[in-house]
**Q** 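To start, I am sharing the structure in question, which I have written as C-alpha coordinates.
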Amino acid sequence: MTESLVAPGRPSDHLWMHFTRMGTAERNGVPVIAGGEGFEIIDEAGRRYLDALSGLFVVQAGYGRDEIVSAMAAQAKKLAFFPLWSYATPPAIELADRLAGLAPGDLNKIFFCSGGGEAVESAWKLAKQYFKLTGKPGKTKAISRAIAYHGTTHGALSITSVPGFKMPFEPLVPGTVRVPATDFYRAPEPLAGDEAAFGRWAADRVEEAILAEGPDTVAAVFVEPVQNAGGSFPPPPGYFERLREICDSYDVLLVSDEVICAYGRLGTMFGCEKFGYQPDIITSAKGLTSGYTPLGAMIVSERVYEPFSVGTTTFPHGYTFGGHPVACAAALANLDLFAAEDLLGNVQRNEGAFRSTLERLLDLPIVGDVRGSGYFWSLELVRDKGSKEPFSREDCERVLRGFVAPAALEAGVYCRTDDRGNAVVQFAPPLICGPAEFDRIEQALRPVLSQAWSLL
Ligand code: PLP
(Lines give C-alpha, C1' and ligand atoms only; values in the text may rest on other atoms or scores of the structure.)
Protein backbone atom coordinates (compact mmCIF):
# COMPACT_ATOMS: atom_id res chain seq x y z
CA MET A 1 0.00 0.00 0.00
CA THR A 2 1.42 3.41 -0.92
CA GLU A 3 1.73 5.95 1.80
CA SER A 4 -0.96 8.60 1.61
CA LEU A 5 0.41 11.92 0.42
CA VAL A 6 -2.10 13.84 2.48
CA ALA A 7 -1.30 14.08 6.15
CA PRO A 8 -4.07 12.67 8.31
CA GLY A 9 -6.33 15.47 9.40
CA ARG A 10 -5.81 17.00 12.78
CA PRO A 11 -8.98 17.47 14.79
CA SER A 12 -9.45 20.53 16.91
CA ASP A 13 -11.64 20.79 19.97
CA HIS A 14 -12.01 24.52 19.71
CA LEU A 15 -11.51 25.88 16.21
CA TRP A 16 -14.80 26.52 14.40
CA MET A 17 -14.01 26.60 10.68
CA HIS A 18 -15.95 28.58 8.09
CA PHE A 19 -18.53 26.97 5.80
CA THR A 20 -17.44 23.63 7.30
CA ARG A 21 -19.40 20.56 8.33
CA MET A 22 -18.02 20.54 11.85
CA GLY A 23 -19.31 17.06 12.65
CA THR A 24 -17.26 15.62 9.79
CA ALA A 25 -14.26 17.77 10.71
CA GLU A 26 -14.41 16.53 14.30
CA ARG A 27 -14.57 12.92 13.15
CA ASN A 28 -11.99 13.01 10.37
CA GLY A 29 -9.92 16.07 11.13
CA VAL A 30 -8.92 18.54 8.43
CA PRO A 31 -5.66 19.16 6.56
CA VAL A 32 -3.54 21.66 8.47
CA ILE A 33 -1.54 24.00 6.25
CA ALA A 34 1.45 25.30 8.12
CA GLY A 35 3.58 27.03 5.51
CA GLY A 36 3.76 28.51 2.03
CA GLU A 37 6.54 29.25 -0.43
CA GLY A 38 6.02 30.75 -3.88
CA PHE A 39 3.06 28.88 -5.39
CA GLU A 40 3.24 25.96 -2.97
CA ILE A 41 1.59 25.30 0.36
CA ILE A 42 3.12 22.99 2.94
CA ASP A 43 1.22 20.88 5.45
CA GLU A 44 2.23 20.08 9.01
CA ALA A 45 4.05 16.95 7.90
CA GLY A 46 6.12 18.98 5.43
CA ARG A 47 4.33 17.77 2.29
CA ARG A 48 4.03 20.28 -0.51
CA TYR A 49 1.05 20.95 -2.75
CA LEU A 50 0.62 23.25 -5.71
CA ASP A 51 -1.79 25.94 -4.58
CA ALA A 52 -4.03 26.07 -7.63
CA LEU A 53 -6.53 28.34 -5.87
CA SER A 54 -4.26 31.06 -4.40
CA GLY A 55 -5.64 30.17 -0.97
CA LEU A 56 -9.08 31.46 -1.85
CA PHE A 57 -8.41 33.61 -4.96
CA VAL A 58 -6.12 35.73 -2.80
CA VAL A 59 -2.37 35.06 -2.89
CA GLN A 60 -1.56 36.73 -6.23
CA ALA A 61 2.15 37.33 -5.64
CA GLY A 62 2.75 33.98 -3.94
CA TYR A 63 3.80 33.03 -0.42
CA GLY A 64 6.84 34.12 1.55
CA ARG A 65 7.39 37.46 -0.18
CA ASP A 66 9.95 39.32 1.93
CA GLU A 67 9.13 42.62 0.23
CA ILE A 68 5.57 42.57 1.60
CA VAL A 69 6.55 41.21 5.01
CA SER A 70 9.22 43.90 5.52
CA ALA A 71 6.86 46.69 4.50
CA MET A 72 4.30 45.42 7.02
CA ALA A 73 6.88 45.15 9.80
CA ALA A 74 8.20 48.65 9.13
CA GLN A 75 4.69 50.10 9.18
CA ALA A 76 3.71 48.21 12.35
CA LYS A 77 6.77 49.65 14.08
CA LYS A 78 6.05 53.19 12.91
CA LEU A 79 2.29 53.26 13.44
CA ALA A 80 0.59 49.96 14.18
CA PHE A 81 -2.92 51.33 14.09
CA PHE A 82 -4.95 54.41 13.61
CA PRO A 83 -8.54 54.60 12.34
CA LEU A 84 -9.76 56.46 9.28
CA TRP A 85 -12.55 58.04 11.33
CA SER A 86 -11.96 61.75 10.65
CA TYR A 87 -8.20 61.10 10.58
CA ALA A 88 -5.92 59.77 7.86
CA THR A 89 -2.64 57.87 7.80
CA PRO A 90 0.18 58.14 5.23
CA PRO A 91 -0.18 54.56 3.91
CA ALA A 92 -3.96 54.94 3.50
CA ILE A 93 -3.48 58.22 1.61
CA GLU A 94 -0.75 56.74 -0.55
CA LEU A 95 -2.74 53.60 -1.34
CA ALA A 96 -5.90 55.59 -2.16
CA ASP A 97 -3.86 57.74 -4.55
CA ARG A 98 -2.31 54.66 -6.12
CA LEU A 99 -5.67 52.90 -6.59
CA ALA A 100 -7.29 56.06 -7.97
CA GLY A 101 -4.50 56.21 -10.56
CA LEU A 102 -4.93 52.57 -11.50
CA ALA A 103 -8.74 52.37 -11.62
CA PRO A 104 -10.33 53.20 -14.98
CA GLY A 105 -12.07 56.48 -15.82
CA ASP A 106 -13.33 58.63 -12.97
CA LEU A 107 -13.30 55.82 -10.38
CA ASN A 108 -11.12 57.72 -7.97
CA LYS A 109 -12.62 57.79 -4.46
CA ILE A 110 -11.46 54.94 -2.28
CA PHE A 111 -13.39 53.75 0.77
CA PHE A 112 -11.43 51.08 2.63
CA CYS A 113 -12.91 48.20 4.58
CA SER A 114 -11.62 44.84 5.80
CA GLY A 115 -12.84 42.37 3.19
CA GLY A 116 -15.07 41.59 0.23
CA GLY A 117 -18.42 41.23 1.99
CA GLU A 118 -17.87 44.57 3.70
CA ALA A 119 -17.10 46.17 0.33
CA VAL A 120 -20.39 44.82 -1.10
CA GLU A 121 -22.28 45.87 2.03
CA SER A 122 -20.76 49.35 1.73
CA ALA A 123 -21.67 49.61 -1.96
CA TRP A 124 -25.34 48.80 -1.40
CA LYS A 125 -25.58 51.28 1.49
CA LEU A 126 -23.76 53.91 -0.56
CA ALA A 127 -26.12 53.40 -3.51
CA LYS A 128 -29.17 53.80 -1.27
CA GLN A 129 -27.87 56.99 0.31
CA TYR A 130 -26.70 58.35 -3.05
CA PHE A 131 -30.26 58.22 -4.36
CA LYS A 132 -31.65 59.76 -1.18
CA LEU A 133 -29.21 62.64 -1.62
CA THR A 134 -30.09 63.08 -5.29
CA GLY A 135 -33.86 63.22 -4.87
CA LYS A 136 -34.78 59.62 -5.69
CA PRO A 137 -35.31 58.12 -2.22
CA GLY A 138 -37.38 55.21 -3.54
CA LYS A 139 -34.40 53.70 -5.36
CA THR A 140 -33.24 51.10 -2.85
CA LYS A 141 -33.32 47.65 -4.49
CA ALA A 142 -30.36 45.58 -5.63
CA ILE A 143 -30.34 43.25 -8.64
CA SER A 144 -27.89 40.34 -8.81
CA ARG A 145 -27.44 37.16 -10.85
CA ALA A 146 -28.46 33.59 -10.17
CA ILE A 147 -26.05 31.50 -8.06
CA ALA A 148 -23.75 34.52 -7.52
CA TYR A 149 -21.94 34.86 -4.19
CA HIS A 150 -21.37 38.34 -2.78
CA GLY A 151 -20.61 37.72 0.91
CA THR A 152 -22.23 36.74 4.19
CA THR A 153 -23.17 39.90 6.11
CA HIS A 154 -26.93 40.48 6.06
CA GLY A 155 -26.89 42.96 3.18
CA ALA A 156 -24.28 41.13 1.08
CA LEU A 157 -26.02 37.82 1.82
CA SER A 158 -29.31 39.27 0.60
CA ILE A 159 -27.60 40.10 -2.70
CA THR A 160 -26.05 36.62 -2.78
CA SER A 161 -28.08 34.09 -4.78
CA VAL A 162 -27.21 30.77 -3.16
CA PRO A 163 -30.46 29.60 -1.51
CA GLY A 164 -28.77 27.19 0.89
CA PHE A 165 -26.61 29.96 2.35
CA LYS A 166 -29.58 32.25 2.86
CA MET A 167 -32.34 30.05 4.20
CA PRO A 168 -31.02 29.69 7.77
CA PHE A 169 -30.95 33.47 8.15
CA GLU A 170 -34.30 34.50 6.69
CA PRO A 171 -35.77 37.05 6.84
CA LEU A 172 -32.95 38.89 5.14
CA VAL A 173 -32.79 42.48 3.91
CA PRO A 174 -35.77 43.05 1.61
CA GLY A 175 -35.47 44.41 -1.91
CA THR A 176 -33.21 42.07 -3.82
CA VAL A 177 -34.03 40.77 -7.28
CA ARG A 178 -32.54 37.94 -9.34
CA VAL A 179 -31.61 37.76 -13.04
CA PRO A 180 -29.95 34.90 -14.99
CA ALA A 181 -26.22 34.27 -14.87
CA THR A 182 -24.20 34.17 -18.10
CA ASP A 183 -24.06 30.36 -18.21
CA PHE A 184 -23.52 29.97 -21.96
CA TYR A 185 -22.84 26.23 -21.65
CA ARG A 186 -26.46 25.87 -20.58
CA ALA A 187 -27.95 28.66 -22.67
CA PRO A 188 -31.67 28.16 -23.39
CA GLU A 189 -32.18 26.31 -26.68
CA PRO A 190 -32.84 29.08 -29.23
CA LEU A 191 -29.69 30.88 -28.00
CA ALA A 192 -27.36 27.90 -27.70
CA GLY A 193 -24.37 28.33 -30.02
CA ASP A 194 -24.83 32.09 -30.45
CA GLU A 195 -22.83 33.86 -27.77
CA ALA A 196 -23.73 37.37 -28.85
CA ALA A 197 -27.47 36.62 -28.93
CA PHE A 198 -27.19 34.93 -25.53
CA GLY A 199 -25.33 37.94 -24.12
CA ARG A 200 -28.01 40.30 -25.40
CA TRP A 201 -30.73 38.06 -23.96
CA ALA A 202 -29.01 37.82 -20.55
CA ALA A 203 -28.42 41.59 -20.33
CA ASP A 204 -32.00 42.29 -21.41
CA ARG A 205 -33.21 40.26 -18.43
CA VAL A 206 -31.78 43.06 -16.25
CA GLU A 207 -33.89 45.61 -18.08
CA GLU A 208 -36.89 43.35 -17.69
CA ALA A 209 -36.27 43.12 -13.93
CA ILE A 210 -35.86 46.90 -13.60
CA LEU A 211 -39.14 47.45 -15.44
CA ALA A 212 -40.96 44.77 -13.44
CA GLU A 213 -39.80 46.24 -10.12
CA GLY A 214 -40.25 49.83 -11.29
CA PRO A 215 -37.18 51.90 -12.25
CA ASP A 216 -37.90 54.28 -9.37
CA THR A 217 -37.23 51.45 -6.91
CA VAL A 218 -33.94 50.04 -8.22
CA ALA A 219 -30.61 51.41 -6.94
CA ALA A 220 -27.92 49.08 -8.24
CA VAL A 221 -26.98 45.98 -10.21
CA PHE A 222 -24.23 43.82 -8.71
CA VAL A 223 -22.27 41.69 -11.18
CA GLU A 224 -18.85 40.08 -11.25
CA PRO A 225 -16.78 40.47 -14.44
CA VAL A 226 -16.44 36.67 -14.44
CA GLN A 227 -18.90 35.05 -12.04
CA ASN A 228 -17.27 32.67 -9.61
CA ALA A 229 -20.14 30.64 -8.12
CA GLY A 230 -21.45 28.26 -10.77
CA GLY A 231 -17.93 28.04 -12.25
CA SER A 232 -16.15 31.04 -13.81
CA PHE A 233 -18.91 32.27 -16.15
CA PRO A 234 -17.33 34.79 -18.52
CA PRO A 235 -19.53 37.54 -19.98
CA PRO A 236 -20.65 36.87 -23.55
CA PRO A 237 -19.56 39.50 -26.10
CA GLY A 238 -21.68 42.64 -25.84
CA TYR A 239 -23.09 41.74 -22.41
CA PHE A 240 -21.49 44.55 -20.44
CA GLU A 241 -21.97 47.10 -23.21
CA ARG A 242 -25.71 46.43 -23.10
CA LEU A 243 -25.75 46.34 -19.28
CA ARG A 244 -24.08 49.76 -19.12
CA GLU A 245 -26.67 51.09 -21.57
CA ILE A 246 -29.52 49.70 -19.44
CA CYS A 247 -28.08 51.13 -16.21
CA ASP A 248 -27.71 54.56 -17.86
CA SER A 249 -31.27 54.45 -19.21
CA TYR A 250 -32.83 53.80 -15.81
CA ASP A 251 -30.33 55.60 -13.56
CA VAL A 252 -29.21 52.40 -11.87
CA LEU A 253 -25.66 52.11 -10.51
CA LEU A 254 -23.50 49.41 -12.04
CA VAL A 255 -21.45 47.76 -9.28
CA SER A 256 -18.63 45.56 -10.53
CA ASP A 257 -17.98 43.08 -7.74
CA GLU A 258 -14.29 42.39 -8.33
CA VAL A 259 -13.51 40.76 -5.00
CA ILE A 260 -12.00 37.95 -7.08
CA CYS A 261 -11.50 39.55 -10.50
CA ALA A 262 -9.45 42.64 -9.54
CA TYR A 263 -5.70 42.81 -9.02
CA GLY A 264 -4.55 40.75 -11.94
CA ARG A 265 -6.76 37.68 -11.67
CA LEU A 266 -7.90 38.24 -15.27
CA GLY A 267 -4.61 39.75 -16.46
CA THR A 268 -5.75 43.36 -15.98
CA MET A 269 -5.57 45.40 -12.79
CA PHE A 270 -9.38 45.52 -12.67
CA GLY A 271 -11.74 42.97 -14.19
CA CYS A 272 -13.91 45.59 -15.92
CA GLU A 273 -10.90 46.65 -18.00
CA LYS A 274 -10.68 43.18 -19.49
CA PHE A 275 -14.21 43.50 -20.89
CA GLY A 276 -14.14 47.23 -21.60
CA TYR A 277 -16.92 48.54 -19.36
CA GLN A 278 -16.99 51.40 -16.91
CA PRO A 279 -18.77 50.64 -13.62
CA ASP A 280 -19.95 53.24 -11.11
CA ILE A 281 -18.47 51.33 -8.18
CA ILE A 282 -15.87 48.56 -7.93
CA THR A 283 -15.87 46.34 -4.85
CA SER A 284 -12.52 44.64 -4.20
CA ALA A 285 -10.49 42.83 -1.52
CA LYS A 286 -8.60 39.49 -1.60
CA GLY A 287 -5.68 40.05 -4.03
CA LEU A 288 -5.16 43.68 -2.99
CA THR A 289 -2.66 42.56 -0.33
CA SER A 290 -2.05 39.07 -1.79
CA GLY A 291 -3.58 37.98 1.53
CA TYR A 292 -0.69 39.07 3.75
CA THR A 293 -3.32 40.85 5.82
CA PRO A 294 -7.03 41.59 5.29
CA LEU A 295 -8.08 44.66 3.33
CA GLY A 296 -11.01 45.60 1.15
CA ALA A 297 -11.61 48.65 -1.02
CA MET A 298 -14.76 50.14 -2.50
CA ILE A 299 -13.77 52.33 -5.43
CA VAL A 300 -16.34 54.97 -6.30
CA SER A 301 -16.81 57.24 -9.29
CA GLU A 302 -16.48 61.00 -9.01
CA ARG A 303 -20.17 61.29 -9.97
CA VAL A 304 -21.41 59.03 -7.16
CA TYR A 305 -19.07 60.65 -4.64
CA GLU A 306 -20.09 64.22 -5.53
CA PRO A 307 -23.27 64.57 -3.40
CA PHE A 308 -21.31 63.30 -0.36
CA SER A 309 -18.84 66.16 -0.69
CA VAL A 310 -21.43 68.85 -0.11
CA GLY A 311 -22.05 70.78 3.15
CA THR A 312 -22.19 68.58 6.24
CA THR A 313 -23.14 65.41 4.40
CA THR A 314 -21.53 62.22 5.72
CA PHE A 315 -21.60 58.58 4.68
CA PRO A 316 -22.39 57.26 8.19
CA HIS A 317 -20.57 53.99 7.69
CA GLY A 318 -17.16 52.57 8.54
CA TYR A 319 -15.07 49.82 10.12
CA THR A 320 -12.49 50.09 12.87
CA PHE A 321 -10.00 48.12 10.82
CA GLY A 322 -10.93 49.52 7.38
CA GLY A 323 -7.77 50.86 5.77
CA HIS A 324 -5.57 49.56 8.60
CA PRO A 325 -2.11 51.13 8.12
CA VAL A 326 -0.30 47.78 8.12
CA ALA A 327 -2.75 46.44 5.52
CA CYS A 328 -2.27 49.52 3.33
CA ALA A 329 1.51 49.11 3.58
CA ALA A 330 1.12 45.46 2.53
CA ALA A 331 -1.04 46.50 -0.44
CA LEU A 332 1.48 49.11 -1.57
CA ALA A 333 4.32 46.58 -1.43
CA ASN A 334 2.13 44.06 -3.24
CA LEU A 335 1.37 46.53 -6.04
CA ASP A 336 5.11 47.30 -6.26
CA LEU A 337 5.67 43.58 -6.89
CA PHE A 338 2.99 43.59 -9.58
CA ALA A 339 4.94 46.30 -11.39
CA ALA A 340 8.45 44.94 -10.75
CA GLU A 341 7.56 41.43 -11.88
CA ASP A 342 5.03 42.34 -14.55
CA LEU A 343 2.44 40.01 -13.04
CA LEU A 344 -0.31 41.31 -15.31
CA GLY A 345 1.88 40.61 -18.32
CA ASN A 346 2.61 37.12 -17.00
CA VAL A 347 -1.11 36.35 -16.87
CA GLN A 348 -1.73 37.87 -20.29
CA ARG A 349 1.12 35.92 -21.87
CA ASN A 350 0.09 32.63 -20.28
CA GLU A 351 -3.70 32.59 -20.10
CA GLY A 352 -3.95 30.96 -23.53
CA ALA A 353 -1.59 28.20 -22.40
CA PHE A 354 -3.60 27.74 -19.20
CA ARG A 355 -6.78 27.39 -21.18
CA SER A 356 -5.34 24.93 -23.70
CA THR A 357 -3.73 22.84 -20.95
CA LEU A 358 -7.06 22.53 -19.15
CA GLU A 359 -8.82 21.85 -22.45
CA ARG A 360 -6.74 18.71 -22.82
CA LEU A 361 -9.01 17.31 -20.10
CA LEU A 362 -12.00 17.62 -22.45
CA ASP A 363 -11.02 14.22 -23.82
CA LEU A 364 -12.37 12.76 -20.56
CA PRO A 365 -16.08 11.88 -20.67
CA ILE A 366 -16.69 13.54 -17.30
CA VAL A 367 -15.44 17.01 -18.35
CA GLY A 368 -18.31 18.84 -20.06
CA ASP A 369 -16.96 22.37 -20.25
CA VAL A 370 -13.81 24.39 -19.63
CA ARG A 371 -14.45 28.10 -19.10
CA GLY A 372 -12.97 31.19 -17.54
CA SER A 373 -10.52 33.98 -18.23
CA GLY A 374 -7.01 35.00 -17.18
CA TYR A 375 -5.94 32.80 -14.25
CA PHE A 376 -9.52 31.97 -13.26
CA TRP A 377 -10.88 28.75 -14.77
CA SER A 378 -13.40 26.02 -14.05
CA LEU A 379 -14.15 22.55 -15.35
CA GLU A 380 -17.82 21.58 -15.29
CA LEU A 381 -18.27 17.89 -14.58
CA VAL A 382 -21.20 16.06 -16.18
CA ARG A 383 -22.75 12.60 -16.22
CA ASP A 384 -23.25 12.68 -19.97
CA LYS A 385 -21.41 14.99 -22.31
CA GLY A 386 -23.85 14.66 -25.21
CA SER A 387 -26.92 15.61 -23.21
CA LYS A 388 -24.95 17.76 -20.70
CA GLU A 389 -26.69 15.83 -17.93
CA PRO A 390 -25.44 17.47 -14.74
CA PHE A 391 -24.28 15.71 -11.59
CA SER A 392 -27.18 14.84 -9.31
CA ARG A 393 -27.12 16.05 -5.72
CA GLU A 394 -26.02 12.56 -4.76
CA ASP A 395 -23.15 12.65 -7.32
CA CYS A 396 -22.05 16.00 -5.90
CA GLU A 397 -22.04 14.58 -2.41
CA ARG A 398 -20.42 11.22 -3.10
CA VAL A 399 -18.18 11.88 -6.10
CA LEU A 400 -17.38 15.62 -6.10
CA ARG A 401 -17.05 16.23 -2.37
CA GLY A 402 -16.38 12.67 -1.32
CA PHE A 403 -13.79 11.75 -3.94
CA VAL A 404 -12.56 14.52 -6.29
CA ALA A 405 -11.72 17.08 -3.59
CA PRO A 406 -9.58 14.79 -1.38
CA ALA A 407 -8.10 12.89 -4.34
CA ALA A 408 -6.88 16.10 -6.01
CA LEU A 409 -5.13 17.07 -2.80
CA GLU A 410 -3.76 13.57 -2.52
CA ALA A 411 -2.42 14.03 -6.06
CA GLY A 412 -0.60 17.16 -4.90
CA VAL A 413 -2.93 19.93 -6.09
CA TYR A 414 -5.06 22.16 -3.89
CA CYS A 415 -8.05 23.34 -5.93
CA ARG A 416 -11.74 23.81 -5.23
CA THR A 417 -14.71 21.62 -5.94
CA ASP A 418 -17.95 23.55 -5.86
CA ASP A 419 -21.59 22.57 -6.16
CA ARG A 420 -23.35 25.85 -5.44
CA GLY A 421 -24.53 25.56 -9.05
CA ASN A 422 -23.65 22.52 -11.14
CA ALA A 423 -20.56 20.50 -10.23
CA VAL A 424 -17.33 22.33 -11.01
CA VAL A 425 -13.63 22.17 -10.19
CA GLN A 426 -12.00 25.59 -9.96
CA PHE A 427 -8.47 26.79 -10.55
CA ALA A 428 -7.04 30.22 -9.77
CA PRO A 429 -3.31 29.83 -9.17
CA PRO A 430 -0.97 32.60 -8.01
CA LEU A 431 -0.11 35.02 -10.79
CA ILE A 432 3.55 33.96 -10.64
CA CYS A 433 2.63 30.54 -12.13
CA GLY A 434 3.28 29.48 -15.71
CA PRO A 435 3.04 26.53 -18.10
CA ALA A 436 4.97 24.11 -15.83
CA GLU A 437 2.37 24.58 -13.10
CA PHE A 438 -0.53 24.25 -15.56
CA ASP A 439 0.93 20.90 -16.65
CA ARG A 440 1.19 19.84 -13.02
CA ILE A 441 -2.49 20.65 -12.53
CA GLU A 442 -3.54 18.75 -15.65
CA GLN A 443 -1.41 15.71 -14.84
CA ALA A 444 -2.70 15.54 -11.27
CA LEU A 445 -6.35 15.96 -12.22
CA ARG A 446 -6.40 13.53 -15.16
CA PRO A 447 -6.30 10.27 -13.15
CA VAL A 448 -8.53 11.77 -10.45
CA LEU A 449 -11.25 12.67 -12.96
CA SER A 450 -10.89 9.33 -14.78
CA GLN A 451 -11.48 7.51 -11.53
CA ALA A 452 -14.36 9.83 -10.62
CA TRP A 453 -16.07 8.82 -13.87
CA SER A 454 -15.91 5.17 -12.85
CA LEU A 455 -17.65 6.06 -9.58
CA LEU A 456 -20.69 7.63 -11.24
N1 PLP B 1 -17.90 39.05 -3.50
C2 PLP B 1 -17.33 38.07 -4.22
C3 PLP B 1 -17.47 38.09 -5.71
C4 PLP B 1 -16.65 37.03 -3.60
O5 PLP B 1 -16.11 36.05 -4.33
C6 PLP B 1 -16.52 37.05 -2.19
C7 PLP B 1 -15.80 35.98 -1.49
O8 PLP B 1 -15.33 35.02 -2.05
C9 PLP B 1 -17.11 38.09 -1.48
C10 PLP B 1 -17.79 39.07 -2.17
C11 PLP B 1 -17.02 38.13 0.02
O12 PLP B 1 -15.71 38.42 0.41
P13 PLP B 1 -15.21 38.15 1.90
O14 PLP B 1 -15.18 36.68 2.10
O15 PLP B 1 -13.84 38.79 1.94
O16 PLP B 1 -16.17 38.85 2.81
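Order of appearance sets the numbers: ligands from 1, and atoms from 1 within every ligand.
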**Q** With atoms numbered from 1 as shown, which atoms in ligand 1 lie under 4.0 angstrom from a non-hydrogen atom of Ile260?
**A** 5 (O)
**Q** Could you work out, for atom 12 (O) of ligand 1, the closest of Gly115, Gly117, Ala285 by heavy-atom distance?
**A** Gly117
**Q** Check this for me, if you would: do Glu351 and Lys274 make a salt bridge, where the nitrogen-to-carboxylate-oxygen distance has to be below 4.0 angstrom?
**A** yes
**Q** With the threshold set at 4.0 Å, does a side-chain nitrogen-carboxylate oxygen contact exist between Glu121 and Lys125?
**A** no
**Q** Decide, yes or no, whether a salt bridge links Arg65 with Glu341 under the criterion of side-chain N to carboxylate O below 4.0 Å.
**A** yes
**Q** Show me which atoms of ligand 1 lie under 4.0 Å from any heavy atom of Glu224.
**A** 3 (C)
**Q** With a 4.0 Å cut-off, would you call Asp183 and Arg145 a salt bridge?
**A** no
**Q** Please list the nearest protein heavy atom to atom 1 (N) of ligand 1 with its residue and the distance rounded to 0.1 Å.
**A** Asp257 OD2, 2.8 Å
**Q** Can you list the atoms of ligand 1 that are under 4.0 Å from a heavy atom of Gly151?
**A** 10 (C), 11 (C)
**Q** Under 4.0 Å from a heavy atom of Lys286: which atoms of ligand 1 are those, numbered in the order shown and with their elements?
**A** 7 (C), 8 (O)
**Q** Does a salt bridge link Asp204 with Arg242, judged by any charged N lying under 4.0 Å from a carboxylate O?
**A** yes
**Q** Is ligand 1 under 4.0 Å from a heavy atom in the side chain of Phe57, in the backbone, in both, or in neither?
**A** neither
**Q** Between Arg21 and Glu397 (salt bridge meaning N to carboxylate O under 4.0 Å), is one present in this structure?
**A** yes
**Q** Taking only heavy atoms of His150, which atoms of ligand 1 are found under 4.0 Å from at least one of them?
**A** 1 (N), 9 (C), 10 (C)
**Q** With side-chain hydrogen bond (donor to acceptor under 3.5 Å, both in side chains) as the test, pick out the partner of Asn228 among His150, Arg265, Gln426.
**A** Gln426
**Q** Right, does atom 14 (O) of ligand 1 have protein non-hydrogen atoms nearer than 4.0 Å?
**A** no
